Colleague: 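Starting off with a structure, shown below.
Quick note: numbers below take in every heavy atom, side chains included, and nothing from hydrogens, waters or symmetry partners. These numbers come from a predicted model, not from an experiment. We count ligands from 1, going down the list as the structure has it; atoms in each ligand are counted the same way.
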Amino acid sequence: MKHVHRRLAAVAAAAVLAAVGAAAMNIPVSQAAANCANGYVALTYDDGPTSSTGALLSALQSAGARATFFNIGQRAQANPSQVRAQQTAGMWIGNHSWTHPHLTQLGTSQITSELTQTQQAIQQATGTAPRLFRPPYGETNANLRAVESQLGLTEVLWSVDSQDWNGASTAQIVQAASNLQAGGVILMHDGYSTTINAIPQIVANLNSRGLCPGMISTATGRAVAPDGTQTPPPSGGTTPPPGGGTSTCTATYTQTQRWGDRFNGQVTIRAGSTAITSWTATVTVGSGQRVSATWNGSPSWDSSGNVMTMRPSGNGSLPAGGSTTFGFTVMVTNGNFAAPATTCRTP
Ligand code: ZN
């Protein structure tokens, strides 16, 4: 028996060495070849966070790749530390609805609730509300798109379906990714070991074609170079220069005062690395909350009354890096003092 055990141990050790050897070979290949001359594609992972989010993040970091995670809101609320781990690992985070329903079968108020609750859960975990939204099952219609627009969300579908949700093997997932073209987006999911195991080969194959993993543009829903507003890739690879010259803005929320039945909030709108001609912000309040007053802006509301769209009351132009603020009072009827979700877009 001992003899057998030693033989098994030797075989296992050989297998480990072989695996280490393969991994060691993959790293220089993907990094040395990481020229992005032919553009960017977006790796996307839906339905997290899950118990395998950590392993997925590790695989992406080992490959020097950044990806976009479309999280389910109720999972984000239950596992905020996993959402923060996505952010810390340099990933982009999008909204994938609260309960993953067939949204095209729901009314406007239910759709609004699915999207706004998720905005708030992710904002509470990361400090930032998503700008990207992927409809469950890729099902969309005019009703849903109107809600997305009110919340400042860009709808993101995909150009390649990995079929990982449908039992595809690692080799089949790698094969699907080989069909990605510049600007393209591949649908994958958080939760499958086949998907995690495909990452080194997907990245190496992309790099061999002069393509790199990038971020998804909020203007087009397609893949573009990372814009440098997020943390840089943690290992290896290239850090592409700030790209595009697209004008962007960010919205940062601060609670400035609080009473028993209400609170005052302030939102700072800041231009990115280029000047902006104007801006549009959304402030989404939760259940039992209602905006009762505003200042330094020109507000409008959606039919639910939960989503306030704020525009500049005068000239909204800001120089690069410049900022302005607006404020509001939120009445609270059920003890919900949660911070509203805020977004900014240009113009
Ligand atoms: Zn999904």
Colleague: Looking only at side-chain N and O atoms, does T256 offer a donor or acceptor that is under 3.5 Å from a partner on N264?
Modeller: no
Colleague: Starting from the C-alpha separation in whole Å, work towards a yes-or-no answer on side-chain hydrogen bond (donor to acceptor under 3.5 Å, both in side chains) for Q119 and N95.
Modeller: CA-CA 7 Å; Q119 291 293 91; N95 179 328; 3.0 Å; yes
Colleague: Can you list the protein N, O or S atoms less than 2.8 Å from the Zn ion (ligand 1)?
Modeller: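 D47 OD1, H96 NE2, H100 NE2, with waters left out.
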Colleague: Does any donor atom in the side chain of T309 or Q150 lie under 3.5 Å from an acceptor atom in the other side chain?
Modeller: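 T309 vs Q150: no donor-acceptor pair found between side chains.
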Colleague: For the residue pair H96 and H100, categorise the inter-ring angle as parallel (less than 30°), tilted (30 to 60°) or perpendicular (more than 60°).
Modeller: perpendicular
Colleague: Do the ring planes of F337 and F263 sit parallel (below 30°), tilted (30 to 60°) or perpendicular (above 60°)?
Modeller: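 F337 and F263: tilted rings.
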Colleague: Could you list the donor-acceptor pairs under 3.5 angstrom formed by side chains in residues 317-325, with sequence neighbours left out?
Modeller:
unit_1: S317; atom_1: OG; unit_2: N315; atom_2: OD1; d: 3.0
unit_1: S317; atom_1: OG; unit_2: N315; atom_2: ND2; d: 3.4

